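Computed from heavy atoms alone, side chains included, the values below leave out hydrogens, waters and symmetry copies. Within every chain, numbering begins at 1; the chains are lettered A, B, ... in the order of the sequence lines, protein sequences first and strands thereafter. It should be emphasised that the depicted structure is a prediction, and the values quoted were computed from it without experimental measurement.
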2 protein chains.
Amino acid sequence: MLDALGDRTRRSILELLREGPVTVGELAARLPVSRPAVSQHLRVLQESGLVAHETVGTRNFYRVDSRGLTVLRDWLDDFWGTALESFAAFADKESSDGTAD
Amino acid sequence: MLDALGDRTRRSILELLREGPVTVGELAARLPVSRPAVSQHLRVLQESGLVAHETVGTRNFYRVDSRGLTVLRDWLDDFWGTALESFAAFADKESSDGTAD
DNA sequence: ACGAACCGTAAGTTACCACTTACCGTTGGC
DNA sequence: GCCAACGGTAAGTGGTAACTTACGGTTCGT
């Protein structure tokens with residue numbers, strides 16, 4: 001999931017898909033890499049649930065998949081909550097210990 | 001930012017830091033990598049604003065930095081919003097075109 | 001039915017990055 | 001002051017993944 005977002009080109013692909021479905025060739029035309037490279041990236045993004053594709057004739061339209069975004073959002077919310085909790089506990093311990101300057 | 005999260009070890013470090021500040025040696029002891037490797041990862045995480053450190057004597061305590069999480073959350077919210085918009089527009093176009101089956 | 005367009009896959013190369021060992025500076029304890 | 005503990009940095013290595021070219025399969029147009 002987050003591994004898929006760890007690549008610049010893949011993030012660029014997602015940015016291009018933000019505005020709606022785009023074909024593979026169109027993506028390759030707007031990116032500084034070859035079309036097969038785009039296909040490979042799309043495969044990774046799809047396996048992560050971040051994009052979905054829809055075949056129309058010979059063309060393949062890719063779009064953002066909200067499922068992947070949901071997983072990402074849930075992970076972030078969970079992490080955020082725990083981090084704030086521990087920070088609050090840490091601050092409490094600090095003040096109760098009188099170690100705060 | 002997202003590059004920093006694209007690595008398994010770095011995500012493990014963040015998981016360990018969720019519960020509060022931890023020293024470098026402690027992190028290395030709980031991870032299957034050497035201490036210098038941890039230092040290098042912490043450098044990347046810090047440059048991304050995801051962690052912050054606080055030196056106490058010879059020990060260096062690292063903790064989660066909420067600034068980085070905020071940036072990540074904002075990015076995700078922005079992306080999420082646009083994706084939903086474009087999806088709604090796409091659905092509208094579909095139905096008005098009568099292309100919906 | 002034939003050619004063109006569109007795309008996915010395979011094989012191979014290259015570049016990058018995660019990791020290690022070795023080294024050095026800083027701080028605390030005795 | 002000296003030794004030990006802690007941690008950051010440098011240099012070098014290995015593995016992985018991002019990219020290329022080449023190929024094959026499928027669909028549409030004529």
With sugar-phosphate taken as primed atoms, P, OP1 and OP2 and all else as base, the protein-contact string of nucleotides 19-30 of chain D at under 4.0 Å (heavy atoms; B, S, -) is BBBB----BS--
Who passes side-chain contact (heavy atoms from CB on, under 4.5 Å) against [X], sequence neighbours left out?
X	value
A/Ser66	none
B/Asp3	A/Arg11
A/Thr58	none
A/Asn60	A/Val24, A/His53, A/Thr55, A/Tyr62

Does a donor on one side chain and an acceptor on the other come within less than 3.5 Å for A/Arg18 and B/Thr82?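 Result is yes, a qualifying pair exists.
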Is there a side-chain contact between B/Leu31 and B/Val38 in this structure, where contact means two heavy atoms from C-beta onward sitting under 4.5 Å apart?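 Result yes, sub-4.5 Å side-chain heavy-atom pair found.
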Pair up each side-chain donor or acceptor in residues 40-48 of chain A with any protein partner under 3.5 Å, not counting sequence neighbours, and list the distances.
from: A/His41; atom 1: ND1; to: A/Arg10; atom 2: NH1; distance (Å): 3.1
from: A/Ser48; atom 1: OG; to: A/Val44; atom 2: O; distance (Å): 3.1

[X] [atom1] to [N] [atom2], straight-line distance once rounded to whole Å:
X	N	atom1	atom2	answer
B/Gln46	D/dG8	CD	C1'	12 Å
A/Leu45	D/dA18	CG	C1'	13 Å
B/Arg43	D/dG7	CZ	C1'	14 Å
B/Arg59	D/dA4	CZ	P	19 Å
A/Leu27	D/dA18	CG	C1'	17 Å
B/Glu54	D/dG8	CD	P	14 Å
A/Asp3	D/dG15	CG	C1'	16 Å

With axes from five pairs an end, tell me the bend angle of the helix from C/dA1-D/dT30 to C/dC30-D/dG1, nearest 10°.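 That helix has its two terminal axes inclined by roughly 30°.
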Tell me whether the OP1 or OP2 atom of D/dC6 has a side-chain N or O from B/Tyr62 closer than 4.0 Å.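 Negative; the distance criterion is not met.
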D/dG8 phosphate, OP1 or OP2: any side-chain N/O from B/Asn60 under 4.0 angstrom?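 Yes, such a contact exists.
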Ring pair (Phe, Tyr, Trp, His ring centres under 6.0 Å) partners for A/Phe61, two or more places apart: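 Residues passing ring pair (Phe, Tyr, Trp, His ring centres under 6.0 Å) with A/Phe61: none at all.
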Contact class for [X] (heavy atom, under 4.0 Å): base, sugar-phosphate, or nothing?
X	result
A/Thr55	nothing
A/Phe61	nothing
B/Arg8	nothing

Partners meeting salt bridge (Lys or Arg N to Asp or Glu O under 4.0 Å) with B/Arg73 (sequence neighbours left out):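 Here the qualifying residues are A/Asp77.
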